[in-house]
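Numbering of residues begins at 1 and proceeds along the displayed sequence. Heavy atoms only: backbone and side chains are in, while hydrogens, waters and symmetry mates are out.
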Amino acid sequence: MAEIEETMKRLQAHKGVVGVVIASKEGQTLRTTLEPQEASQYAHLITLLASQAKSTLSELDPYNDMTFLRLRSKKHEIMVAPDKDYILIVIQNPNVTE
């Protein structure tokens, strides 16, 4: 557990990082640096998106697997790293210059 906390702190320290969420494959928030309601929304919706992306990739190439997903909007960049049992979500402000 200490390793997870240390990793979350290290990610949170990066320039522009707004929050970090670790979610279950079912979309439940397990650990977060965000407010609970916001984390729950990210966990649920990004888990659905990642599942759909993984399914689409599998249809395009059955021998391939999704290892990382990056989504960028005007306001945020959302980076998703799926694992066997968990999904790591990092929300970042790409416009931070400090």
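- Remark: E26 pairs with S24 by the side chain to side chain donor-acceptor pair (under 3.5 Å) rule, at least two apart or across chains.
- For T33, the side-chain contact (heavy atoms from CB on, under 4.5 Å) partners at least two apart in sequence or on another chain are M8, Q12, V20.
- Looking only at distances, no side-chain donor or acceptor of S40 sits under 3.5 Å from a matching main-chain atom of P36.
- For D65, the salt bridge (Lys or Arg N to Asp or Glu O under 4.0 Å) criterion is met by K54, not counting sequence neighbours.
- In the hydrophobic clustering of ILVMFWY residues, with side-chain heavy atoms under 4.5 Å counting as a link, L60 and F68 come out apart.
- Membership of the apolar cluster around I89 extends to V18, V21, L34, Y42, I46, L49, L57, M66, L69, L71, I78, V80, I87, I91, as traced through chained side-chain contacts below 4.5 Å between ILVMFWY residues.
- Residues satisfying the salt bridge (Lys or Arg N to Asp or Glu O under 4.0 Å) test with R70, not counting sequence neighbours, are E77.
- Between A23 and A43, the closest heavy-atom pair is CB-CB, 3.7 Å.
- Residues that satisfy the salt bridge (Lys or Arg N to Asp or Glu O under 4.0 Å) test with K25, not counting sequence neighbours, are absent from this structure.
- Shown here are the side-chain contact (heavy atoms from CB on, under 4.5 Å) partners of Q41, two or more places apart in sequence or in another chain: L45.
- Under the side chain to side chain donor-acceptor pair (under 3.5 Å) criterion, E38 pairs with no residue, sequence neighbours left out.
- The distance from the OG1 atom of T7 to the CG atom of L88 is 9.0 Å, given to the nearest 0.5 Å.
- Taken from OG1 in T47 to CD in Q28, the straight-line distance is 9.5 Å, to the nearest 0.5 Å.
- Legend: residues meeting side-chain contact (heavy atoms from CB on, under 4.5 Å) with S73, ordered by chain and number and at least two apart, are K75, H76.
- By the side-chain contact (heavy atoms from CB on, under 4.5 Å) test, S55 is found to be paired with E59, residues two or more places apart in sequence or in another chain being considered.
- Contacts classified as side chain to side chain donor-acceptor pair (under 3.5 Å) and involving residues 81-92 (residues at least two apart or in different chains) are not found.
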